[in-house]
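Report on one structure; see the data block that follows.
When reading the values below, keep in mind they use all heavy atoms of this one structure, side chains included, and skip hydrogens, waters and symmetry mates.
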Amino acid sequence: MWDDGGWGMWGMHGGGGWWGLLVMAGLLVLVVGGAVVLAVWLARTAGSGTTPPGSAPHTDAGVTPADRLLDERYARGEIDEQEYLHRRAVLRGR
């Protein structure tokens, strides 16, 4: 009846059938899965600069939050110099 030169629908003979559909679905799963894996990996590596659990976080000057709190308490006059020096030595492991 109708002859299109043997190429069929969309440039392929018969449109690929079920095999073509399965291949396309498989490729879609691979592309979407790869994008999800990449996004998770990037999110985890972006957060890898955090301090490990159980370790005291340090600022750029090497002062821990505990040191900063102790300094603030001393500055407000809540503790005297002797107690400040004692607690600072305890915090630094001396």
Requested in this report: Starting at CG of Leu42, measure out to CZ of Arg44 and round the result to the nearest 0.5 Å.
Outcome: 12.0 Å
Report task. Starting at CG of Asp67, measure out to CD of Glu72 and round the result to the nearest 0.5 Å. Result -> 11.0 Å
Query raised in the report: CG/Leu91 to CG/Leu69 distance, rounded to the nearest 0.5 angstrom?
Result: 9.5 Å
Query - Approximate separation, where rounding is to 0.5 Å, of Arg92 CZ and Arg88 CZ - result: 5.0 Å
Requested in this report: Just jot down the side-chain hydrogen bond (donor to acceptor under 3.5 Å, both in side chains) partners of Glu83, sequence neighbours excluded, or say none.
Outcome: Arg87
Query - Donor-acceptor side-chain pairing of Asp80 and Tyr74 below 3.5 angstrom - result: no
Report summary line: Between the CG atom in Leu70 and the CD1 atom in Ile79, the distance rounded to the nearest 0.5 Å is 4.5 Å
